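Structure, as structure tokens:
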Amino acid sequence: MKPLPPDFYMRDVDLVARDLIGTTLQIDGVGGVIVETESYDMADPASHSFAGRTPRNAAMFGPVGHAYVYRIYGLHHCLNIVCGEPGSAVLIRAIEPLYGIERIRARRGLAMRERDLCAGPGRLCEALEIDLALDGVSLSAPPFEMAERSETPPIVAGPRIGITRGAERMRRFGWKGSPWLSRPFPKNHTAMQQY
DNA sequence: CGGATGATCAACT
DNA sequence: GTTGATCATCCGC
């Protein structure tokens, strides 16, 4: 698998979020293909960076291509990848688990349904053992590894999930028809043709 | 099936 | 003191 070029994230955050669908994310050999993302930036009321730089969101204003990891609801973690525009990042919401399934199962539960192992930002972080220790860490070097697509997926866009303030902008992206999504996309989604 | 609920904490006001 | 870019479980259809 070919590693993602360093300038991959140095673009408009919506484009990066779209183009991350189909790429492979691994940590210490555990991971799979990204099938769902969301984009955030400073102009977005739903974004942690909306009110400017703070101790928590500092990574969103740090090096491009590094991780922004935060704790949510006191129980879970969420993984973002920082993009070119300061205060912008892509939330990784779901992957198709392909590598290190045994370790994923050990962390997520032996009886966990296959499709629920990494379907959601919190579940994904538990499966890949991502926590605050990885906040600010580069995605382009161990323990992380990002790889290019092996095929061009059909991509859909829709409104984001779980936000209270943000408008219903189409900033959630997913692999059309994938069984590994955290939730299906609305019926009247916008089909995105590309390439 | 779908909706409601409690868990639990770092950051923010 | 309040608030989540969530999840697993419980309850009623």
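Each chain gets a letter, A, B and so on, in the order its sequence line appears, and its residues count up from 1. These numbers were taken from a predicted model, which means no experiment stands behind them.
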Starting at atom OH of A:Y70, determine the distance to atom P of C:dT3, rounded to an integer number of angstrom.
-> 18 Å
Would you say A:R108 reaches C:dA8's phosphate, i.e. side-chain N/O to OP1/OP2 under 4.0 Å?
-> yes
Cation over ring face, A:R172 and A:F185, 6.0 Å, 45° | yes
Identify which nucleotide among B:dA7, C:dA5, C:dA8 has an atom closest to any side-chain atom of A:L75, counting heavy atoms from C-beta outward.
-> B:dA7
Euclidean distance, atom CG of residue A:N57 to atom P of B:dA11 [Å, nearest integer] = 11 Å
Does the side chain of A:W180 come within less than 4.5 Å of A:L117's, by heavy atoms?
-> no
From CZ of A:R56 across to C1' of B:dA11 the rounded distance in Å is 6 Å
Watson-Crick or G-U counterpart of C:dA8, or none if no pair lies under 3.5 Å = B:dT5
Distance in angstrom units between A:R183 CZ and B:dG2 P, rounded | 10 Å
Just by distance, with hydrogens left out, do A:H48 and A:Y68 show a side-chain donor and acceptor under 3.5 Å apart?
-> yes
Quickly work out the A:D131 CG to B:dA10 C1' distance and round it to whole Å.
-> 14 Å
If you look at every strand shown and take non-hydrogen atoms under 4.0 Å, does A:G74 touch a base, only sugar-phosphate, or nothing?
-> base
Quick one: closest heavy-atom pair of A:C83 and A:V13, and the distance?
-> SG-CG2, 3.9 Å
Could you give the distance separating C:dA8 and B:dA10 at their C1' atoms, to the nearest angstrom?
-> 22 Å
How close or far is atom C1' of C:dC7 from atom CZ of A:R71, stated in whole angstroms?
-> 13 Å
Could you say whether the aromatic ring of A:Y73 and the base of B:dA7 stack, counting only centre distances under 5.5 Å and plane angles under 30°?
-> no
Phosphate OP1/OP2 of C:dT6: any A:R93 side-chain N/O under 4.0 Å = yes
Which of these nucleotides, C:dA8, C:dA5, C:dT6, is closest to any side-chain atom of A:H76?
-> C:dT6
Value in whole Å for how far the C1' atom of B:dA7 lies from NE2 of A:H77 | 14 Å
Nucleotide of C:dA8, B:dA11, C:dA5 approaching A:H48 most closely (side-chain heavy atoms) | C:dA5
Under 3.5 Å, is there a donor-acceptor pair between the A:S49 and A:N57 side chains?
-> no
To the nearest Å, how far apart are A:L124 CG and C:dC7 P?
-> 9 Å
